Every structure is written in C-alpha cells, then in structure tokens.
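Here the structure is laid out as structure tokens; the discussion comes afterwards.
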Amino acid sequence: MNEFVEAPAAPKEETWQEEGLKRRLIGTSVPRTEDERLLRGDGRFTDDVQFAHQLEMAVGRCPFPHARILSIDFSKATALEGVKHILTGAQVRELSDPLTVLRPVPGAPQLPYYALAQDRATYEGQPVVSVVATSRALAEDAIELVEIEYEPLPHVSDAIEALEEGAPLLHPQSLDSNLLASNSDRAGEPEARIEEADVVIRSRMRIGRVTPLPMEPRGVVAVWRPGARELSIHTSTQVPHLVRKQLAESLRLGEECIRVSASDVGGGFGMKLGVYPEDVLASLHAMALRRPVKWIEDRMEHFRASTHGRESIHDYCLAADAEGRFVAMTNTYTTDIGGWNSPFGSSQLSSVVFTGPYRVADAAVERRVAMTNKTPVGAYRGYGQPEVNFALEVLVDRLARRLGKDPLALREMNMLRPEDLPWTVPSGAVYDSGDYVKTLHMAAEAVDYAAHRGRPRTPRADGRILGIGLSAFVERTGYASARFLANRGSKFGAHESVTLRANRSGTIDLYTGVSSIGQSSETAFAQICAEVLGVEFDAVRVHSGDTATSPLNTGAFASRTLIAAAGALREAALPFRDKTLRLGAWALGIEPGDAVIEGREVRHRSDADKRVALADVFSRAILGQGIPHDETPGLETSAHFEPPSAAFSFGTAAAVVAVDPETGEFEVERFVMVHDCGVAVNPMIVEGQVRGALVQGLGAALGEELRYDAVTGQLLSGSMLDYAVPRAADVPPIELLHTEVPSPVTTFGVRGVGEVGTIPPGAAIANAICDALADHGVELSALPVTPESVWRALEAAKAAKKGEAA
Amino acid sequence: MKAADFLYHRAGSVAEAVTLLDEYAGEARLLAGGQSLMPMLNMRLWRLGALIDVNQVPGLDGIEVEGQGDLEATRVGALTRYASLERSPLAASRLPLLVEMVRHIGDRQVRNRGTLGGSLVQGDPTAEMPLACLVLDARVRVESGRGGREIAMGEFYHGSYAAALEFDEMVTEIRFPRHPQHFAFSELTRRHGDFCVLSVAVTGECDSDGRWHDVRIGLGGVNDMPVLAEAASARLAGTRLADDDIREAAALTQEAIDPPSDMRATAEYRAHLVPVHVRRALQQLCSKNRAADRR
Ligand SMILES: Cc1cc2nc3c(=O)[nH]c(=O)nc-3n(C[C@H](O)[C@H](O)[C@H](O)COP(=O)(O)OP(=O)(O)OC[C@H]3O[C@@H](n4cnc5c(N)ncnc54)[C@H](O)[C@@H]3O)c2cc1C
C-alpha cells in the first residue's frame, strides 16, 4: 500500500476549444506589463519602501558552525549614541514562538527554531543578537561592540558523516541522531529484478550545495501601529499570505492584525518561501519601539543566512537485461538540510521523478534527511529534480557504454510512449501525458547526433575533442491536490484565487496574492482574464501580493501559479462576463444571448449600432442604477481553483562540448533544449523562463559551489568573489525548441514552466564530456563539473588502466 | 555591510597626500580606483582612520614616451585607469602586452575605475597588472616626505598583498623599458574576468637567424606573488624554440612555483597546468614570430 497517493489524472471536463471561443491572447507574446516600471527604475523593491522615523536593524551571527553561547554582554553597544534597541535569545523566547514550517518533512519532529539562537547555535550565520539603530552602519558598529562568549562545539559538515555513529548531535532534545526523517516509496520487486538482471550499474552520485542567489536579497520593513493593532510588513517574498500566517504564529498575534505586502520581488527561486528569523526580529523591534524598522540582507549575509539548495548524495542502482531494457531502479539518497528545518525543508521531488521518463515497473526510493552544521537548505528551483536527473541520466550513459549501445537508442528503447500514459510512478504520482521520444529525437537532430556518433573521438585542430551528451527528463509542475498535501502534512493548500472587480473607467481590477517575482504572472493573468472576458489586454490591471486586498491564495512556487490560477481566472471571469452581458443587454434593450463584449463595449452581435461602453455598464453595476430589478448591484467575482492533478512537463536537452584532454578544460559550444510546457500562454515568457532557469542550471553544473572547510567547518565560498555564478559572457549559446502537448489535467492545457531549465544541464554536459573522453574511460559522478574534476577523472582513468595492465 | 566611520581627505597634490600619510602613521590609505579598497571597507575587513583620495591630484594619469631606440621608455602615471590603457593608441603601440592583459581584468565597471598603481599596491598574486609589469621589467616610482625612490618590479613584493612600501610612500609612476619584440599571454579563469587560476605571460627577442634571447616567462597565481621562471628562461637562451627546447623549459618552470589551494583550484592541479600553459604560450610566441616574418 502506498502511503501517499496522488489523485489520478482526472479527465478534462470541458476544453477551451469546446467553448467555441477563438483564442485572441492566449498563445501570443504580449510584451510584459511588468517591464515598463522595472526598466524605468519605478519598481518597488523592499529597500524602496521608506517611512518617516524609520530605523535600521543589523544582525550579529554565530561565526562557528556549532557553538554554545556562554554569555552576551551588550552594555558597550547600548551606550553607543543612536542605538535604540537590542534583542538576544532570552528576550526573543519571551516575546515569540519558534518559526513554523510550511512543508514539514513527513515524519519529522518540530524543532524549536527561535529567531535568535538560544543556548546553542547550529550553523555559521545563525542569528544570535539583533540591534536597531538610526543607521545600518551604526547598527553594525554596535554589533561589533556586543561581547559574545562562545564555546565552539564539535561539528559535522558532511551529510553522510552526520548519520554515522558518534557524530556530534545537532538537536539532542528532539532527535537521538542527526536523521531528521526518512521516507520510502516502492513499486514491484526491484531487489528480485536486480538479482536476475544481466547488467547492474551502481554508483554514488554527489550533488553540490548551491545558493539560489536572487538579485534582490531578502528584506523586511515592519511598521507597528499599536492603536490600530496593525503590523504592516513589506517584504521580499513569494508567499505573502503564508508569511502572514507564519508571522501570526510566531508573534502570537491574530492574523487579522497583520498585513503583508510584497510589491516587486527581485527573484525568489524557492528561497523566499516563508518566514525567516529576521522577519520576526524586525517585527519584535518595531513593536517594542513603535517605530518602523527596516532590515535589508546584504550579500555577505545572504550567503549564510538565506536557505541553500540541492546538496544530496544519491546511491543509485540501475539494472537492465542484455538488450538494455531497464528492469529495476533504486535510489537511496541523503539530503542535507543543514542546521535547522527551513520553511520548505529540503527538496522532496527527488522521490517523485527518480525513474525519469522511463518505463520501470520495479523501483524503490528511500530518502534520508540529514542535519549538519551548515545553513539550512530550502526549496530551490527544481526542488530535487535536477539532482536525480543528473544521477540517473549520467548512469544511463554509463550503462550504454557498458553494453556498447548508443545512448540515444537505449533511452528510446526504455522511454514511456504516449500510449503508456497516464503512468503511475512509485510515489503514486501520475505522469499525465506527453510524447517524450519526440523530444529526444528533436534534440538529437538539432545537434546532428547521428553524424557525430559515427566519427572517432580524435582531437580537432585546436587539440580538443568534441562530445555530445543527452539528458531527458519529466518534471512535476504544480501540486496534485490539497488532499495529497494534507497526507504529507503540508501547511498550505493547492489552490489559487483571484478577485475581479469592475471599475467606472470601464476597466477591470484583478487582485491576486501572487507576488511578482519575475515569473510574469501579471502579464499572463491579464492575458487569460482578457481572453475569457473578451476585453482588450490592457483593460485588465493586476494588483499583486498584498494580503489586505487579495483573496487568500497559496503563492508563487512549484511551477504551480499558472496551473492553479488559470482555473481560478476562468471561473472568476465567466460569471463576470455573463453579468456584464446581462447588464449591457438590459441597457441596450436586447436579449443577453445577442450581446457580446468587444473591446471596451457591449454590443449586439449583428447590429453594430446597438452598443454601450463598458464604463457605462460597470457604472450602472457599481451604483445599482439602471440595472434589472432582479440583479444585485456591484460587479465583482472571486474564484478559488484547485487543479485535479499535477501536470508533468518534459523534454530533452543536448550539449555539445569540446574538451581538452590534457588539462580537462572544456567549453560548452552548443546547448539545445527541447521542451514541452503544454499550451504556452505567452511564448516569450516561456522562453524567458526556460532560458533563465537554464542559466541557473548551467551555473550549478559548471562552477557554483558552496564549499565548507573540511576542518573548520567554515563556508569557503561565501561571497561573490569565490562563488562562481555565471555572468552573461559565460553563458553558452542556447537554442530552444518546443513541442506543445496540452495537458489533460489543467485548464487550457498548460503545464508549469518556471523551473524546468534547472534540470538537464548537469547531466547533458557531464555526458558530453564522458562521450568526448570515452576512449580514455572517463566517468563523472559529481556536480559541479569543473576543469579540475575532469582532469582528476582523466588521471583516475589513467591510473585504473595502469592497474589493469599490471 | 556598511563601512565603519572614517575621515575623508581629498589631496590636491602628491606632497599633500604623502604629508597626510605621514601624519596618520599607517592608519590611513590612499584611495585610487577603490575597486579593492571599498569592498574591504564595506565588508569591515579593514578599519581605517582616514582615506586620502588622490583622484583629484593632477598629472598622475598620463602615458608618455621618452628616449629613442634601446633607451626608449614609457611612463605611465599611477592613477591611469584600466579603461584609459585599453583605449589609448599610444599604449597599444608601446605596451601591447599590458593592453592585452588589461582586457582580462574584471568587468567594464571595474576597468572604468581601477588604476594601474592601485593594482600594483594591492598585490593580489593572481592579478594581471603585477604580472605584466614584472615580465616587462618595469620600475615603480615612489614618493614620500623623505624623498623619492624607484623599486624594480622584481623587488616590489614581500608576499601576497604586501607591496614593499613604507606607510608614508605613494606610487606615482610606472616606468617601462622598450617593449620586447614578441609576447604571448594565456590564462585560465573559472569565468570571464574572474581572478585567474593561473596566468602565463612570455616575452622574447628573436634574431634574424631565428635564435631567441631574453626570453622571459612570468607566472601568476602560482606563488604568493607573480614570479619569473628563470631556469626555464635560461634553457631557452640562444635556442630556436624547437619543440624539445620548449618541452624542457616548460618542465623547468616547476622550480619557480609554490601554488596555493583555494576555491578556484588545488595546488596539484595548478602544478599540472603550469608547464602545459607555458608550453602553449611559448608555441604561440613562436607562431606569432613566424606570422610576423611572413608579413
Ligand atoms: C568585481 C571585481 C573584479 C575584479 N577582477 C579583477 C581581475 O580579474 N584581475 C585583477 O587584477 N583585479 C581585479 N579586481 C581588482 C581591481 O583590479 C582593483 O582595481 C585593483 O586591485 C586595485 O586598484 P584600485 O585603483 O581600484 O585601488 P584601490 O582599491 O583604490 O586601492 C587598493 C590599495 O592600493 C593602495 N593604493 C592605491 N593607489 C596607490 C598609490 N598610488 N600609491 C600607494 N598606494 C596606493 C590603496 O591605499 C589600497 O591599499 C577586481 C575588482 C572587482 C571589484
């Protein structure tokens, strides 16, 4: 019996086409509404919000990976002129409750993560003291004057070592080991199939720790008006309504007392999914001082104080028969969650897509979540999917080499066909629909794969050898249902919501709790709403990310926004349209069935003289004057929509890489991505999302790495100087190709698109390098892949050959 | 992070700047392009009594040529920005290796502000300018209230980030002898414009009979300061840079290096790369020479 069963893909009740409406806006590349203000410098990020009498906060952080806090003396800091308020762990415990978790790891205990460390800190960067002063520089001066006596404790930075007997324990009060929780899913009899298999490939695959690194770091401005009992929070978040809920829980306030708004958010990538210690601290200071308090995370803090991503170790086993047919697959993996649980925990989707786009009935996966003395890991674009894609796709190539088969043919032989779908994977998730093989062929053709296969792997004139690597993937986008989330203990729903409100100018105000994080939802929402209503695109004005004005929703993450919001938009727009037509028809003295909305008017479908401006119709509704007696005044609709199931995007990437066999240096000369996100509401936005995520995926594949010193446990790459995030000049040429298979489980057939690019780069590039160096017998098993790691793999292969010869 | 408080002086002349340096007795620093100094202050890695801004001091940012033939020299003011070097036709014809290497520094913003003198004094062991100046055999002109002196680039560093300056001294000018006939540059970076994993700059003269002399091989990022591979150079004197000469010379570079391990690469990997990059740079030197012959 499977513990977590997702709802099966429900048949689509009614398709867009069946409604007999021709698409005007869905599917067109409308320029982004958000661009005008952003390009003019009129964006409103957290640091742009200023209040009179505002103060600034700075945070003192633990410099050790693990330490007991023996004493804190802030008398010198208090004496500094301009310092207004100081908080330490003891006060925070009096005034607030620990941070709550939105997506608990199933089976994990609640850890008492207070906004400031209590007697112990479990990661370098954990907040220990916070100071509010008249300027940030002064607050930082004060932090330097706070005398904190630490007793460094034994630490553990490696997730595998953390789970070994005798490792220093992080949370002895709650856990008797560093295993936060473990879960498994299985189908069939993988162990028996592995026994019988002709070939078995086993390998430990390591995925490095990275940081999501949004352009706008975190930030918060807290304003408390005691007379009004109103705490107003401006913050850079993907989930304003969830931050409101979490703040209410930690601050012991009713939700009605808190307003959270996130205007422009300079990128989130999963890292801004919920409350962090600093949000609670700024609120506590503001409430104590009755003055606005601002905290803006600086880049140095960001590297230690905001959640990291990815780090995990996968012990994969891929078993096949002599022909190469996959007969079983298992993955026992350890994810490193760091020193505390974060609002979203470490990635949970590795267990869902670990079998990739392949037909394997016998498969098992076990996930172990380890605690280490490092910054907590949270969600990051891809949420576990790039990790297993790297591990599995590299091993598929390894199997191909073992069997002397073409990696393309091996993939094709094992891929799920359109007629195999819907397909249930061991976690219970259901791949809805798609033509995976088609994307494989498109990618191969784009890089002239067949011709390349036939050529020898000899150096070109420049001394470098060319290799081609493929990576095929299926990506979970959106959530199955609230029922599914409830099974896993998640503290959020699966729905999205919108409110549409007519105004007297004849335009429509659209309210959503989804904040603008660069995903272009303002544009896409207006497109869909305008499409259904029949009005022009610019007649819809989207107001986003303010809990005081928007209906309760879930938020912008998990490639889910449009999947759920498309349904809400349609269901709010249809009754809005119908009432508009009834009121318009009444004003014109015609039958509602004869009325249509066109541009900014309601008119008779065949008599062009009979027309009334929307501004007039909406005014009548708002005033309740000039409308039928059986109609209520007002023209405002809201809808909440939960999709019946998650939609799975899919595709294949191909990388062409030139490798220097003497030094391991390499260059990605081409990167082709074939991708299907179902119906593209706005192809330009889709392209932007795929490209942006690809660059993040390429960064994590090629150089980004948060490395901790093996001895001191300290972060070695905690600044932009050492952390090698790609810049424009470092991005290889990217070519995008699309297929469009509508998803049967979503409104309009959309699939999510926000994260997909992060998935295939690592495997495609590693496979290309191994292909180029196939004659040398090189294997790669870790991300990132760097010139040095390629050189080391070359040396290891050389040594192995010598060993064989001897 | 925000810098802690410091006093700010804007010096109007070299004399004023060095007087202030003397008054602060080691507690003050000169502010040139600020591309190293400001990040260090903001990250609070440094706390200073005062900053002495020399950006308004006249006459420190020119490129001038003097002398003829073997006595020809090029003088570059300490405050000359990378961007000025990049765009100067005079620099392009007199100091082509320096100009080629400037393009590998940071990004456009950094090159618009950063200065030649600032980079030399900063003394990052992976930086391009110290390596270029070493290979080009430059001398650094230094002034203080006590008078002036000249320091050869080969003696300009005590160690990494440690220029051989007294606290009251200011660099005013870098003086280059006649530029070598042939040169080549190669570096490995993780990303375009990043501080390098290693860099190699080679120069040399080739006689009409095809024999090479004065071959200089400079290495960056593989020691606590840029170094010359003297033994390797000696191996090449009088040779025609045949493949064997180059291979043997490249192997000899190992004596000059003591590479670090850091986020960018391990010492082992750097040690492996040095001879390969030196060999390739020397091959490039040869082929450039041949190309020049054909022209
Ligand atoms: C993003 C970024 C990327 C970079 N990438 C590279 C790179 O790839 N390669 C590279 O080489 N560098 C790089 N740098 C560093 C850059 O080259 C700096 O400009 C240089 O190191 C210092 O020059 P400056 O003029 O900015 O000096 P400042 O920062 O103003 O000063 C540096 C030091 O030199 C002292 N100083 C300055 N001028 C004088 C003088 N005339 N006499 C005595 N002392 C003086 C100052 O007091 C200070 O101690 C990078 C910097 C940044 C911010």
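On a predicted model such as this, the values are computed, not experimentally measured, just so you know.
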(Q) Heavy-atom pairs under 4.5 Å with chain A - which of B:Asp194, B:Leu188, B:Asn42 has more of them than the others? (A) B:Leu188

Q) A:Ala137 and B:Ala3: which non-hydrogen atoms are nearest, and at how many Å? A) CB-O, 3.9 Å

Q. Where do A:Leu716 and B:Met263 come nearest, in terms of heavy atoms and distance?
A. O-CG, 3.8 Å

Q.
Please classify the contact between A:Asp709 and chain B as side chain, backbone, both or neither, with a heavy-atom cut-off of under 4.5 Å.
A. neither

Q: With a 4.5 angstrom heavy-atom cut-off, could you sort out which part of A:Ile296 is near chain B: side chain, backbone, both or neither?
A: neither

Backbone N or O of [Y] within a donor-acceptor pair of the [X] side chain at under 3.5 Å?
X        : Y        : result
A:Arg792 : B:Tyr269 : no
A:Glu788 : B:Ala265 : no
B:His192 : A:Ala728 : no

Q: Decide if atom CD of A:Glu81 counts as having more than 12 heavy atoms of other residues, nucleotides or ligands within a radius under 6.0 Å.
A: no

Q) Around B:Asp107, counting heavy atoms of other residues, nucleotides and ligands shown, do more than 12 lie under 6.0 Å from its CG? A) yes

Q. Would you say the side chains of A:Thr663 and B:Arg280 form a donor-acceptor pair under 3.5 Å?
A. no

Q: State plainly whether the residues A:Glu144 and B:Arg47 are in salt-bridge range, i.e. N to O under 4.0 Å.
A: yes

Q: Determine, for A:Asp722 against B:Arg190, whether the closest basic-nitrogen to carboxylate-oxygen distance falls under 4.0 angstrom.
A: no

Q. So, do A:Glu795 and B:Glu268 sit near enough that their side-chain heavy atoms are less than 4.5 Å apart?
A. no

(Q) I need the A:Ser135 OG to B:Lys2 NZ distance, nearest 0.5 Å. (A) 9.5 Å

Largest heavy-atom contact set with chain B, pairs under 4.5 Å, which of [options]:
options                                : result
A:Glu662, A:Arg136, A:Glu297, A:Arg299 : A:Glu662
A:Arg727, A:Glu705, A:Glu140           : A:Glu140
A:Leu138, A:Leu702, A:Thr786, A:Val725 : A:Val725
A:Arg707, A:Met300, A:Glu301           : A:Arg707

